[in-house]
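Shown next, in structure tokens, is the structure this report addresses.
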Amino acid sequence: MDLLEYQGKQFFKGFGIPVSDGRAVDNVEEAVAAAETVGYPVVVKAQVHVGGRGKAGGVKLANNADEVRLHAGNILGLDIKGHIVRIIWVEHASDIAQEYYASFTLDRSAKKHLGMLSAQGGVEIETVAEEDPDAIAKIWIDPVDGLSEAACRGWVKAANLDPAAEDGAVDILLKLYNAYTDGDADLVEINPLIVKTDGAVHALDAKVTLDNNAEFRHEWGDYALTQVRDEREEAAHQKGLQYVGLEGYVGIIANGAGLAMSTLDVVNQVGGEAANFLDIGGGANADVMAGALEVINGDERVKSIFINIFGGITRGEEVANGIVEALGRVDIGAPIVIRLDGTNADEGRQILEPHLSDKLQSQPTMLEAARKAVELAGGTPR
Ligand code: GDP
Ligand code: MN
């Protein structure tokens, strides 16, 4: 779950990280009232789930009520990279002496947490990584050991920050690591992490991604309200399906997450591109199958559908009956290829047999089915 900046700052505040006083509002008059409360000068900031707001005109300084009116009016409704601004955050402006970058995320291949710190903040970190990779100090942290103060200090020294900011930076980074681990985040990023003209180190921006699997141990209800999902994912989620939208053109339905992932791999292997990941789970009955087909059918990217079922506890004839019944309920646009194997696969194939046509084909193996799906989508399988 991705947080908006103001929610990220609320999250940070809970871990003792200094952020500016501000208010989230959705109209111009409330923006003015917020500015009067937090005190001028203020910054008016677009709240969208995308970075680079400053460049897009979504971050403006205001010294009085007229300027707040002007900027709030311009920013509300603004389209920033396809995200329409509905909420703005008005915070007391900071006097900036330095802009740094700091983040923690998971390095899966190293099986460690990765901290990144740079004296070149404010700008896009991807640009820094490309043009001056040495300007980013990295630290890999064993999650069992955690981040010690000594290790943190060494990391800060390696980043060549202003020596006067060292203590303040160490303090914030230890708190940020805490927020990242105890707060169950997958990513915490402060860009810019600023040194104010009075020397205080302070979080001027907040980017936080929370780990949805940990939701049960937290009170994240308010954060969930502002989430914008992919429309296809929303529809699938409401049907209780495990679905991830992708950019390709072969719609995929499989039973079991492992099989669904292998199906993506095989489609890629034969030169195709999957439109989605969809795991219908164990009981592939008609309701579940119809729901899955409806979701995939609603995706205009999909040019063919690959149903890949390996019967285990779920028996082949049940799945076949489910597919036949679902096809009677949902009018499918794209041609379907089915690979049915495992428990009672023969019985299942017999049930499908009378229903086979150009629009509904069966293939004996996963590889052949993947090739057929790519071919039916107009591609040339390898
Ligand atoms: P982003 O562009 O979406 O990353 O939005 P940020 O919150 O990082 O703001 C972009 C830039 O606006 C920052 O890098 C600062 O240079 C500037 N900015 C934001 N808040 C303040 C502030 O309180 N005072 C000053 N002087 N500049 C600010
Ligand atoms: Mn930023």
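The first residue of the sequence shown is numbered 1, and numbering continues consecutively from there. Counting starts at 1 for both ligands and their atoms, in listed order. As a basis for the values below, the full set of heavy atoms in this structure was taken, side chains included, without hydrogen atoms, waters or symmetry mates.
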Just checking, any donor-acceptor pair under 3.5 angstrom between side chains of Asn308 and Thr263? yes

Can you check whether a protein heavy atom sits less than 4.0 angstrom from atom 11 (C) of ligand 1? no

Between Asp107 and Thr105, do the side chains contain a donor N or O and an acceptor N or O under 3.5 Å apart? no

Lys45 to ligand 1, any heavy atom closer than 4.0 Å: yes

Proximity winner for atom 14 (O) of ligand 1, if only heavy atoms of His202, Lys207, Glu99 are counted: Glu99

Between Glu124 and Lys55, does any NZ, NE, NH1 or NH2 come within less than 4.0 Å of an OD or OE carboxylate oxygen? yes

How many angstroms lie between atom CD1 of Ile172 and atom CZ of Phe15, to the nearest 0.5 angstrom? 14.5 Å

Using side-chain heavy atoms (C-beta onward) and a distance below 4.5 Å, is Glu273 in contact with Val267? no

Pull up every protein N/O/S atom sitting under 2.8 Å from the Mn ion (ligand 2), skipping waters. Asn191 O, Asp205 OD2

Do any nitrogen or oxygen atoms of Arg53 come within less than 3.5 Å of a nitrogen or oxygen of ligand 1? yes

Answer yes if the side chains of Gln227 and Asp2 hold a donor-acceptor pair under 3.5 Å, and no otherwise. no

For atom 2 (O) of ligand 1, which protein heavy atom lies nearest, and how many Å away is it? Gly54 N, 2.8 Å

Any idea which atoms of ligand 1 are less than 4.0 Å away from a heavy-atom of Val43? 20 (N), 21 (C), 22 (C), 23 (O)

Can an N or O of Asn191 be found at a distance shorter than 3.5 Å from an N or O of ligand 1? yes

Atom 25 (C) of ligand 1: nearest protein contact (heavy atom, Å): Ile96 CD1, 3.4 Å

Residue pair Lys9 / Trp89, side-chain heavy-atom distance below 4.5 Å: yes

Check each of Ser94, Gly22, Gly51 against atom 26 (N) of ligand 1 and report the one with the nearest heavy atom. Ser94

May I ask you to identify the nearest protein heavy atom to atom 20 (N) of ligand 1, giving residue, atom name and distance to one decimal place in Å? Leu204 CD2, 3.3 Å

If the plane angle is over 60° it's perpendicular, under 30° parallel, otherwise tilted; pick one for His218 and Trp220. parallel

Sub-4.0 Å atoms of ligand 1 with respect to non-hydrogen atoms of Asp205: 1 (P), 4 (O), 5 (O), 6 (P), 7 (O), 8 (O)

I need the Leu327 CG to Lys359 NZ distance, nearest 0.5 Å. 10.5 Å

Consider only side-chain N and O atoms of His237 and Tyr243, and report whether a donor and an acceptor are under 3.5 Å apart. no

Need the ligand 1 atom indices (1-based, order shown) with element for anything under 4.0 Å from a heavy-atom of Ala93. 23 (O)

When the ring planes of Phe104 and Tyr177 are compared, do they come out parallel, tilted or perpendicular, using 30° and 60° as the limits? perpendicular

Do the side chains of Asp186 and Leu210 get nearer than 4.5 Å, heavy atoms only? no

